[in-house]
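The structure appears below as structure tokens.
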Amino acid sequence: SQKIEQNSEALNIQEGKTATLTCNYTNYSPAYLQWYRQDPGRGPVFLLLIRENEKEKRKERLKVTFDTTLKQSLFHITASQPADSATYLCALANDYKLSFGAGTTVTVRA
Amino acid sequence: GAVVSQHPSWVICKSGTSVKIECRSLDFQATTMFWYRQFPKQSLMLMATSNEGSKATYEQGVEKDKFLINHASLTLSTLTVTSAHPEDSSFYICSARAKGQINTGELFFGEGSRLTVL
């Protein structure tokens, strides 16, 4: 069966450090992978998209890698700030539909 | 940026009643809208995909007679939960894909609608 697994439910880090989140998948052949941010009681907000032929993508303090051999994506938040505290979801595209992981909740301590 | 508006943001209803949730794309045309349901601390589960002017495609295990979806225009899709029961209480979120962006992937999400059935 298809699975999308994100590492640990929660990640607590000190302000200024780098947060690294993992997304592993099985039985998918995604054309692209996306990362979203979700705040409590709100809808997800798109952050980054990386295609199957791309190894790395950056946007400001965010970096995403995509290894289709390992079937894994890593999401990095560098120089983290308390405002980065949220749940981060990875999503895989399959047939133009998105399937989501359960998310990793990041808390950045001041 | 593209904005998707969902209404109502929260609703409480009695068991057995029907509830309608609206999803509007405010500044773009959405050929495809998706409806998700999210239970606490769980991932978003796709319920159905709706294309403007045609019938919605439901995911396995989602009752199409219970969750009625209408996508009457390029800017409006509605989800009606018919004869709601307490187990239908959840966070319902719509998302839209802009016309001409089938392959770019980005979805624009509404703010979600919290349904509580008493």
Side-chain angles (χ1 to χ4, degrees), chain A residues 1-11 21 23-25 28-54 57 59 62 64 66 73 86-107, chain B residues 1-10 21 23-25 30-51 56-62 90-116:
Chain A
S1 63
Q2 294 178 320
K3 276 186 189 175
I4 303 171
E5 292 179 318
Q6 292 190 240
N7 68 314
S8 72
E9 268 191 34
L11 189 64
L21 284 64
C23 176
N24 294 296
Y25 59 92
Y28 279 97
S29 296
Y32 52 82
L33 183 148
Q34 302 182 26
W35 285 88
Y36 286 80
R37 169 183 173 141
Q38 187 176 25
D39 290 288
R42 311 289 293 272
V45 174
F46 172 80
L47 295 175
L48 279 165
L49 178 153
I50 186 164
R51 299 190 184 281
E52 58 179 340
N53 60 349
E54 297 175 315
K57 209 75 170 288
K59 179 183 175 183
L62 307 179
V64 172
F66 192 14
S73 175
T87 297
Y88 293 86
L89 310 170
C90 76
L92 298 184
N94 208 16
D95 256 353
Y96 308 119
K97 296 187 293 189
L98 280 187
S99 298
F100 286 83
T104 299
T105 299
V106 174
T107 302
Chain B
V3 177
V4 174
S5 172
Q6 238 180 285
H7 178 81
S9 54
W10 58 270
I21 301 169
C23 178
R24 291 179 187 273
S25 55
T31 47
T32 306
M33 286 188 173
F34 302 89
W35 286 94
Y36 290 85
R37 181 167 53 181
Q38 187 178 34
F39 292 106
K41 295 193 181 294
Q42 294 188 25
S43 64
L44 282 75
M45 297 302 297
L46 180 64
M47 298 175 67
T49 303
S50 78
N51 292 296
T57 303
Y58 290 81
E59 295 300 301
Q60 195 171 9
V62 178
S90 187
F91 192 51
Y92 292 88
I93 311 174
C94 74
S95 66
R97 176 166 287 140
K99 192 176 180 182
Q101 287 195 311
I102 292 175
N103 291 323
T104 62
E106 182 179 352
L107 290 185
F108 303 101
F109 281 84
E111 289 292 349
S113 299
R114 172 80 55 195
L115 170 63
T116 302

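Every chain is numbered from 1 and lettered A, B, ... according to where its sequence line falls, protein lines coming before strand lines.
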**Prompt:** What heavy-atom pair brings A:Gly101 and B:Ser43 nearest, and what distance separates the two atoms?
**Reply:** O-CB, 3.0 Å
**Prompt:** Is chain A contacted by the side chain of B:Gln6, its backbone, both, or neither, given a heavy-atom distance below 4.5 Å?
**Reply:** neither
**Message:** Tell me if the CZ atom of A:Arg42 is crowded by more than 12 foreign heavy atoms within 6.0 Å.
**Reply:** no
**Prompt:** Is chain B contacted by the side chain of A:Gln38, its backbone, both, or neither, given a heavy-atom distance below 4.5 Å?
**Reply:** side chain
**Asked** Of B:Phe108, B:Phe109, B:Tyr36, which meets ring-ring contact (aromatic ring centres under 6.0 Å, His included) against A:Tyr36?
**Response** B:Phe109
**Asked** Taking every heavy-atom pair that is under 4.5 Å apart, which of A:Ser99, A:Gly103, A:Gly41, A:Ala93 has the most such pairs with chain B?
**Response** A:Gly41
**Item:** When B:Glu59, B:Gln42, B:Lys41 are compared by non-hydrogen pairs under 4.5 Å with chain A, the top option
**Value:** B:Glu59
**Fill in**
dist A:Leu89:CG -> B:Leu44:CG (nearest 0.5 Å) comes out at 6.5 Å
**Item:** B:Leu107 side chain near A:Pro44 side chain, heavy-atom distance below 4.5 Å
**Value:** no
**Message:** So which atom in A:Lys97 and which in B:Phe34 form the shortest heavy-atom distance, rounded to 0.1 Å?
**Reply:** CG-CE2, 4.1 Å
**Prompt:** About how many Å separate CG of A:Asp39 and CD of B:Glu111, when rounded to the nearest 0.5 Å?
**Reply:** 9.0 Å
